[in-house]
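Right, one structure below, let's go through it.
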Amino acid sequence: MLKEVVHRSHHLWQCFPRHLHCHDWSPVNSKARSRSGRGSVSWRKPLFCMASYHRDVVLATNAVRLASRLCQTVQRGLLTQETQTKSDKSPVTVADYGSQALVNWSLAREFPPGTFSMVAEEGSEDLRTEAGAPMLERITQLVNDAIASDAALDVAPLSKEDVLEAIDWGNSEGGSNGRHWVLDPIDGTRGFVRGDQYAIALGLLDNGKVVAGVLGCPNLPMGSIANGIPANSSEPVGCLFVASLGAGTTVEPLDGSGEPKRVHVSDVEDTAIATFCESYESAHTMQDLTANIAGTLGVKAPPVRIDSQAKYGAMARGDAVIYLRFPHFGYREKIWDHAAGAIVITEAGGEVFDAAGEPLDFSRGRWLDLDTGIIATNKELKPVVLSAVQKCVKDLKIPAKH
Ligand SMILES: Nc1ncnc2c1ncn2[C@@H]1O[C@H](COP(=O)(O)O)[C@@H](OP(=O)(O)O)[C@H]1O
Ligand SMILES: [Mg+2]
Ligand SMILES: [Mg+2]
Ligand SMILES: [Mg+2]
């Protein structure tokens, strides 16, 4: 399958502008302006190799920033016909497809055929039908607008077929060997449609282990959300979290207006003053169970409920110290919902594990094979949180594996 993806990517790869390759990019956070006055996405320049995944992180950051632009444009004026329902009843919008096309396009041009494997959430099937034609038209326009709005991207517009191809480069099965990118083009689509939180989440697996992750969170304030998302705050909004193995986690403004700063998970050890976060959508997690776990731990504050992997980002900088996720019986987690978020937490000094206390295993393909639930917290609280989780899960009589 990889061979097929690679073969299909070759055509577009050949068209990529050589001036965008690593050696002559604009510096980090530069606000390059072309003579035409167009802004740029602040393409980062890999000045020197700090860690073996530094170049990947730079490419991922640029790709996520470009996709974020498209998402922000769409969220500002989302129309009902731009949202559809997938066969699993979950929503998908023109921005989910457009973001996936842009990230795949952006990354694929930097990797020679044979070295690019992407496990991404969306596929182009529905767009290839007669009913999908208007949506494809709109996605192609959005993708080309995003590319055209960036002064550093001097390329010919993509055709509808190019966009479909780029979306489908995300059909890799992943696995335990070699390098695989993992993309959720919009995580928290329900939040996106509601006008709330969402994230563009891009991770990199190397031999089954997450080695890099970038989270673009366009609606997340740069300041703490420990007491919820502040209404009418003057706080700048839009965060970019970047993590890679051994290099820690940073946060910076998504628009490139500030420098990256190292972040660390909260060092709170007293559960009475701990804050916990969870899904906004009660369909995505058993909020009765999580309330029970929080009560058992003696947590006093109400949960911070927000959509998407923005939760992992917020936790990585200490806004909350516990994340509890317990999908209803029968739901299978997918790797793109957690890969980038997990390394953002672990590189900030935290831990992500299941109800058996085991770290998440991203090496099994598109699905996460785990014991009940996903939990994140700091190292100090892990034993007590795990014990409360196990007690409450047992009381609930959830089958051990689902
Ligand atoms: N019944 C369910 N239980 C748990 N998670 C679900 C779910 N249905 C959908 N999801 C996942 O929950 C993700 C959003 O998580 P959160 O609740 O933290 O915002 C969705 O990502 P997408 O929005 O990318 O489809 C989807 O993959
Ligand atoms: Mg989805
Ligand atoms: Mg998701
Ligand atoms: Mg998604």
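Indexing begins at 1, ligand by ligand and atom by atom, following the structure's order.
For Ala199 against Ala310, the heavy-atom pair with the smallest separation is CB-N, 4.1 Å.
Checked by atom type, the side-chain pair Gln309/His338 shows no donor-acceptor distance below 3.5 Å. Under 3.5 Å, the side chains of Thr290 and Glu278 contain a donor-acceptor pair of N or O atoms. In summary, the side chains of Ser149 and Arg69 do present a donor paired with an acceptor at a separation below 3.5 Å, with no hydrogens or angles considered.
Put simply, the side chain of Thr189 never gets that close to the backbone of Val92: no donor and acceptor are under 3.5 Å apart.
If you look at Tyr323 and Tyr312, their ring centroids are closer than 6.0 Å.
Ring geometry for Phe111 versus Phe116: interplanar angle under 30°, hence parallel rather than tilted (30 to 60°).
Within 4.0 Å of ligand 1, heavy atoms belong to protein residues Glu121, Asp184, Ile186, Asp187, Gly188, Thr189, Ser279, Ala283, His284, Asp307, Ser308, Lys311, Arg325, Pro327, Tyr331, Lys334, Asp337.
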Which side-chain N or O atoms in residues 339-351 pair as donor and acceptor under 3.5 Å with protein atoms at least two apart or in another chain?
from, atom 1, to, atom 2, distance (Å)
Thr346, OG1, Ala342, O, 3.2
Thr346, OG1, Ile343, O, 3.4
Glu347, OE1, Gly246, N, 3.2
Glu347, OE1, Ala247, N, 3.4
Glu347, OE1, Gly248, N, 2.8
Glu347, OE2, Gly246, N, 2.9
Glu351, OE1, Lys382, NZ, 3.3

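Distances from the Mg ion (ligand 3) under 2.8 Å pick out these protein N/O/S atoms: Asp184 OD2, Asp187 OD1, Asp337 OD1.
Sorted by first and then second residue, the salt bridge (Lys or Arg N to Asp or Glu O under 4.0 Å) pairs involving residues 192-202 (not counting sequence neighbours) are Arg194-Asp196, Arg194-Glu281, Arg194-Asp307.
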